[in-house]
Structures are given as C-alpha cells and as structure tokens.
Amino acid sequence: SNRQPVRYLSADKPMIRILLSATAMAIATASHADPDRVSILMGSDHINAKYPFNEFNPGVFLTWEGPVIDWTLGAYLNSYERGSVSLTASLPVVEWDEGSLDLFIGAALYPVDGRKFALHVGDVVPLAGFQLRQGKAFMQVIPSDGIWTDAIVSFGVTFSLE
C-alpha cells in the first residue's frame with residue numbers, strides 16, 4: 001500500500017495544561033456569569049464504525065450565549081467509556097424561532113485515548129462540526145477521517161436558563 005503513516009503531534013503536557021486551565025477559567029466564570037443554556041448529552045452514533053464504540057454518552061454542557069459567538073463547556077462519558085471535558089465555540093449560521101444551525105470548533109480531553117485520533121496533541125483532540133437545535137432537541141455532526149468512523153452524530157436535549 002502507498003498509504004503514508006499518520007504523523008502525530010506530541011506536545012503532551014503543555015496542551016493538557018492549557019485545556020485544563022481554560023476549563024478552570026470557564027468554571028470560575030460560571031460562578032460570576034450565569035450560563036444561558038444547559039444541554040444533556042444522551043448518546044451518539046458512529047457512522048460506519050470500524051470499532052465497537054460506546055454510544056451511551058451521558059453528559060452535561062453549559063452554554064454562555066454571546067452577541068456573536070457562544071461558548072460551551074461540558075463533561076461527558078466518551079466513546080471509549082472514560083470521562084472527558086470539552087470547550088467549544090459556536091457561530092450561528094441560520095437562526096429561527098425555536099432553533100438554529102451552528103458551526104462549532106473546540107477541543108476535548110480524552111484521557112488515555114486521545115492518542116488514538118489522527119489529529120491530537122497528547123490526549124487533547126480537536127472538535128469541529130455542525131450543530132442543529134430545534135426546540136429542546138439538539139444534534140451534532142462531527143466529520144471524521146474515515147479511519148475508525150466516517151462521522152459522529154451526537155444528540156440530546158437542551159433547555160434555556162433565561
């Protein structure tokens with residue numbers, strides 16, 4: 001095969017410290033500025049998975065809605081059955097009365113398993129995709145590289161706290 005091996009980034013500890021510091025700052029901010037939304041992650045579906053991923057992924061996410069960008073901090077049971085934390089920024093592309101379609105980008109800490117991803121810095125992995133919210137339901141689509149799965153679709157419920 002002419003396929004080249006994937007080269008991995010290896011700046012393990014500094015990136016983990018940065019993500020943990022950002023998470024701590026977001027949590028500290030929560031005590032001074034109430035979040036606007038809480039979302040409950042329920043599960044996921046790994047499209048064309050080549051590994052038996054865990055698809056029961058309970059988690060809690062808090063979102064602070066800004067004038068342009070929304071920030072979301074969450075903790076959840078990941079697809080490898082370990083705890084993860086993530087921090088994402090989302091940009092609404094289209095909004096309507098009870099919903100929106102957003103682009104999001106961020107990072108998640110996948111202890112032990114982060115190095116299994118094609119792109120990673122230690123156990124920190126990038127996240128990017130689309131989020132659809134309609135009423136109290138949400139769905140995220142995260143495209144993948146096709147090595148372990150083609151895409152991840154996650155879903156849950158979301159509630160405004162205003």
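None of the values given here were measured: they were computed from a predicted structure. Hydrogens, waters and symmetry mates play no part in the numbers below; they use all other heavy atoms, side chains included. When a residue number appears, it is its place in the shown sequence, counting from 1.
The local environment of CZ in Phe130 is sparse, with at most 12 non-hydrogen atoms from other residues, nucleotides or ligands closer than 6.0 Å.
Looking at Thr149, its side chain does come within 3.5 Å of a backbone N or O of Ile47 through a donor-acceptor pair. The main-chain N or O of His46 is found under 3.5 Å from a side-chain atom of Glu55 such that the two form a donor-acceptor pair. Side-chain atoms of Asp36 come within 3.5 Å of backbone N or O of Glu65 as a donor-acceptor pair.
For the atom pair Thr88 OG1 and Gln131 CD, the distance stands at 7.5 Å (nearest 0.5 Å).
Cluster annotation: Ile142 and Leu132 are assigned to distinct hydrophobic clusters (Ile/Leu/Val/Met/Phe/Trp/Tyr, side-chain heavy-atom contacts under 4.5 Å, transitive).
Aromatic pair Phe138/Phe155: centroids not less than 6.0 angstrom apart.
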ask   = After noting the C-alpha distance and the side-chain angles of Thr158 and Arg133, does the key distance pass the side chain to side chain contact (heavy atoms under 4.5 Å, CB included) rule?
value = CA-CA 8 Å; Thr158 185; Arg133 184 176 50 82; 3.6 Å; yes
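Of the listed residues (Ser84, Ser154, Ser44), just one forms a side chain to side chain donor-acceptor pair (under 3.5 Å) with Asn57, and that residue is Ser44.
Between Arg82 and Asp113, at least one side-chain N (NZ, or NE/NH1/NH2) sits under 4.0 Å from a carboxylate O, which counts as a salt bridge.
In this model, no donor atom of one side chain and acceptor atom of the other lie less than 3.5 Å apart for Ser160 and Arg37.
Between Tyr80 and Tyr51, the ring-plane angle classifies as tilted under the 30° and 60° cut-offs.
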